[in-house]
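Before any comments, here is the structure.
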Amino acid sequence: MFYLGNDESPDHSMGDHNCLKRMAERADEHWCETFLRLTAESGGRVLFNFVEENQNLKALGDMFDGGLVLPCVGDAGAHVTYVMDAGWATFVLAYWIREKGLFSMGEGIRRLTSAPARILGLTDHGALKPGNWADINVFDATTVAEGYPHRVHDFPGGAPRLTQPSSGYKATLVNGQFNVLDGTSTDTHAGKVLRHAG
């Protein structure tokens, strides 16, 4: 289990510095004590990640580097009470491209846009060209980052879900209409259900 830190962005690096067991050993505590202490010190803000898959980011990067694996998450919101993975594309921009230099910006963007669109058979998405839907993110490559996930209770009946802000994005256009400007929703709903073209 890994401590995601208490900063503006979550720490997904999974090393001895944030492994709950190692942190407890250094503090001469049982891991439960460390868990409760960190939770109390943050007023309940901090999160911990029990990693079942992709436990080694270097190995994951080696798979991406071969060119046959695309970075993505396919949960589609099924577990939003327990897991926040909406920041995966921002993580690719901030971690794999900017911090680790695994891809050039152009190649990283291709792997986030046109490559998965091609695989999914979405022939009118994924690239900026005449006839395609204008789905565009305008961002600052030097500052784009995930925000720290937090829980809200805005589902029917007050049911909880995790949500996650981001920084460094200037605008998001969906089908050519501004959906987000400077991190604030415009309340425009221009999205549509995407269907395989084949």
Side-chain angles (χ1 to χ4, degrees), residues 8-10 12 54 60 63-64 67-198:
E8 291 301 311
S9 293
H12 293 296
N54 300 328
L60 197 60
M63 284 194 298
F64 294 152
L68 299 177
V69 177
L70 299 175
C72 68
V73 175
D75 190 77
H79 303 98
V80 293
T81 300
Y82 311 105
V83 177
M84 173 41 59
D85 51 22
W88 71 267
T90 302
F91 180 77
V92 170
L93 294 171
Y95 183 78
W96 291 118
I97 297 173
R98 184 178 64 228
E99 185 178 328
K100 294 298 180 183
L102 185 64
F103 313 121
S104 67
M105 183 59 72
E107 176 59 14
I109 297 296
R110 185 190 74 80
R111 290 181 185 223
L112 292 172
T113 57
S114 62
R118 180 184 54 81
I119 290 168
L120 293 171
L122 302 173
T123 57
D124 56 356
H125 284 79
L128 293 177
K129 61 183 185 180
N132 276 15
W133 291 93
D135 297 333
I136 303 166
N137 273 310
V138 179
F139 62 92
D140 180 348
T142 65
T143 63
V144 66
E146 294 177 278
Y148 205 89
H150 61 278
R151 194 170 309 282
V152 295
H153 296 265
D154 59 359
F155 274 177
R161 69 179 175 96
L162 285 167
T163 187
Q164 184 177 25
S166 61
S167 59
Y169 289 95
K170 178 66 178 171
T172 298
L173 287 86
V174 177
N175 295 333
Q177 297 184 47
F178 286 103
N179 191 31
V180 177
L181 282 171
D182 294 319
T184 303
S185 172
T186 63
D187 289 326
T188 299
H189 304 286
K192 65 174 191 148
V193 175
L194 302 181
R195 304 200 183 278
H196 187 282

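Given the structure is predicted, the values throughout are model-derived calculations rather than measurements.
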For a quick check under 3.5 Å, do [X] and [Y] share a side-chain donor-acceptor pair by atom type?
X      : Y      : result
Asn175 : Trp133 : no
Asn179 : Thr188 : no
Thr184 : Asp182 : no

Just by modelled atom types, is the [Y] backbone N or O under 3.5 Å from a matching donor or acceptor in the [X] side chain?
X      : Y      : answer
Arg110 : Ala127 : no
Arg98  : Val144 : yes
Gln177 : Ala190 : no
Thr90  : Glu146 : no

TODO: Using side chain to side chain donor-acceptor pair (under 3.5 Å) as the criterion, point out the one residue from Thr186, Asn137, Asp135 that pairs with Thr172.
DONE: Asn137

Open item on the list: I'd like to check the side chain to side chain contact (heavy atoms under 4.5 Å, CB included) partners of Val69; sequence neighbours left out, ordered by chain and number.
Closed with: Met63, Phe64

Task: Matching residue for Phe178 among Val174, Leu181, Val180 - test: side-chain contact (heavy atoms from CB on, under 4.5 Å) - done: Leu181

TODO: Check the pair Leu112 / Trp88 against side chain to side chain contact (heavy atoms under 4.5 Å, CB included), numbers first and verdict last.
DONE: CA-CA 10 Å; Leu112 292 172; Trp88 71 267; 3.4 Å; yes

Could you tell me the separation between the [atom1] atom of [X] and the [atom2] atom of [Y], rounded to the nearest 0.5 Å?
X      : Y      : atom1 : atom2 : answer
Thr113 : His125 : OG1   : NE2   : 12.0 Å
Ile97  : Met105 : CD1   : CE    : 5.0 Å
Ser114 : Leu128 : OG    : CG    : 10.0 Å

Ignoring hydrogens, what is the shortest heavy-atom contact between [X] and [Y]? Give both atom names and the distance.
X      : Y     : value
Gln164 : Gly87 : OE1-N, 3.2 Å
Ala145 : Ser9  : CB-OG, 3.8 Å
Gly147 : Pro10 : O-CD, 3.3 Å

TODO: For atom NZ of Lys192, decide whether the heavy atoms of other residues, nucleotides or ligands shown that lie under 6.0 angstrom number more than 12.
DONE: yes

Open item on the list: Heavy-atom count check: over 12 atoms from other residues, nucleotides or ligands less than 6.0 Å from Glu107 CD?
Closed with: yes

TODO: Decide yes or no on side chain to side chain contact (heavy atoms under 4.5 Å, CB included) for Phe155 and Val80, but give the supporting numbers first.
DONE: CA-CA 11 Å; Phe155 274 177; Val80 293; 3.6 Å; yes

Open item on the list: One thing to verify: whether Asp154 and Arg161 come together as a salt bridge, which I'm taking to mean a side-chain N less than 4.0 angstrom from a carboxylate O.
Closed with: yes

TODO: Go through the steps to decide whether His150 and Leu162 satisfy the test side chain to side chain contact (heavy atoms under 4.5 Å, CB included), and finish with yes or no.
DONE: CA-CA 5 Å; His150 61 278; Leu162 285 167; 5.8 Å; no

Task: Within the 6.0 Å centroid threshold, strictly below: Tyr95 and His12 - done: no

